[in-house]
Amino acid sequence: MSLSEAQLINLPKIEDPRGNLSFIEEGNHIPFKIQRVYWIYDVPGGEFRGSHAFKETEELIIALSGSFDVLIDDGKSKNTFSLNRSYYGLYLPAGIWRQMQNFSTNSLALVISSTQFSDHDYIRDYQEFLMTLDYE
Ligand code: TYD
């Protein structure tokens with residue numbers, strides 16, 4: 001999988017003096033069927049999350065509150081996305097190594113996933129991740 005398939009998706013933003021509203025519709029703003037939603041919160045300063053790749057799972061990551069960085073790596077090149085707006089989603093295809101870091105205080109990361117949770121879908125060892133690429 002190549003990094004060029006990872007992209008920021010500009011989500012709808014309905015601006016209103018009473019407060020803004022954004023939304024996601026399956027098949028419209030997100031290129032996969034939604035099977036799971038999870039969120040990461042109360043991250044202590046300096047902590048990292050992620051540091052793994054998925055074999056099948058595709059994800060959309062949104063900074064619903066605060067900010068954090070997502071480092072991505074396809075084994076050939078690396079990129080960093082700084083997420084700090086709740087109307088941008090970072091789409092990550094399967095087969096991309098990712099790490100989330102630099103979480104601001106009270107940040108909230110929402111992750112929309114194409115699969116239900118399965119530990120078998122994780123590649124947690126970076127050398128193993130690189131070896132899976134050799135067979136593509
Ligand atoms: P994990 O995805 O490994 O987080 P990180 O890569 O940031 O360390 O998830 C941490 C733990 O939570 C792990 O034991 C699996 C569990 N978990 C679920 O049970 N369901 C889920 O949907 C997710 C994302 C994690």
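Ligands are counted one by one from 1 in listed order, and the atoms in each one are counted from 1 as well. Numbers for residues simply follow the sequence, beginning at 1.
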*Asks:* Is there at least one protein heavy-atom neighbour under 4.0 Å from atom 14 (O) of ligand 1?
*Replies:*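 False for atom 14 (O) of ligand 1.
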
*Asks:* Under 4.0 Å between a Lys/Arg side-chain N and an Asp/Glu carboxylate O for D16 and R18?
*Replies:*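 Yes, this pair counts.
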
*Asks:* For Y38, take its heavy atoms, then give the atoms of ligand 1 lying under 4.0 Å from any of them.
*Replies:*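 Reading through ligand 1 atom by atom, the close ones are 24 (C).
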
*Asks:* Do any heavy atoms of R124 fall under 4.0 Å from ligand 1?
*Replies:*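 So R124 counts as touching ligand 1.
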
*Asks:* Are any of the N/O atoms in S51 less than 3.5 Å from those in ligand 1?
*Replies:*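 No; the residue has no nitrogen or oxygen that sits under 3.5 Å from a nitrogen or oxygen of the ligand.
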
*Asks:* Short check: is a protein heavy atom less than 4.0 Å from atom 17 (N) of ligand 1?
*Replies:*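 At least one protein heavy atom is under 4.0 Å away.
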
*Asks:* Look at atom 1 (P) of ligand 1 and say which protein heavy atom is nearest, naming residue and atom and giving the distance to 0.1 Å.
*Replies:*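 Nearest protein contact, heavy atoms only, for atom 1 (P) of ligand 1 is Y122 OH, 3.7 Å.
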
*Asks:* Examine the proximity of ligand 1 to M100 and report which part, side chain or backbone, both or neither, has a heavy atom under 4.0 Å away.
*Replies:*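 Neither; no heavy atom under 4.0 Å.
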
*Asks:* Going from OG1 on T105 to CG on D42, what distance comes out if it is rounded to the nearest 0.5 angstrom?
*Replies:*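 Answer rounded to 0.5 Å: 11.0 Å.
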
*Asks:* Is it the case that more than 12 heavy atoms not belonging to N106 sit under 6.0 Å from its CG atom?
*Replies:*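 No.
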
*Asks:* Is any N or O atom of F117, backbone or side chain, closer than 3.5 Å to an N or O atom of ligand 1?
*Replies:*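 No, since none of the N or O atoms of F117 sits under 3.5 Å from an N or O of ligand 1.
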
*Asks:* Please list, in number order, the atoms of ligand 1 under 4.0 Å from a heavy atom of G50.
*Replies:*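 Heavy-atom distances to G50 below 4.0 Å select 5 (P), 6 (O), 7 (O).
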
*Asks:* Any side-chain heavy atom of F68 sitting closer than 4.5 Å to one from Q101?
*Replies:*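 A side-chain contact is absent here, since even the closest heavy-atom pair is not under 4.5 Å.
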
*Asks:* Name the one of E59, E58, Q7 that satisfies side-chain hydrogen bond (donor to acceptor under 3.5 Å, both in side chains) with Y91?
*Replies:*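 In the set E59, E58, Q7, the residue that makes a side-chain hydrogen bond (donor to acceptor under 3.5 Å, both in side chains) with Y91 is E58.
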
*Asks:* Which residue holds the protein heavy atom closest to atom 10 (C) of ligand 1, what is that atom called, and what is the gap in Å?
*Replies:*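 Its nearest protein heavy-atom neighbour is R49 NH2, 3.7 Å.
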
*Asks:* Among all protein heavy atoms, pick the one closest to atom 22 (O) of ligand 1 and tell me residue, atom and distance.
*Replies:*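 So the nearest neighbour among protein heavy atoms is R36 NH1, 2.5 Å.
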
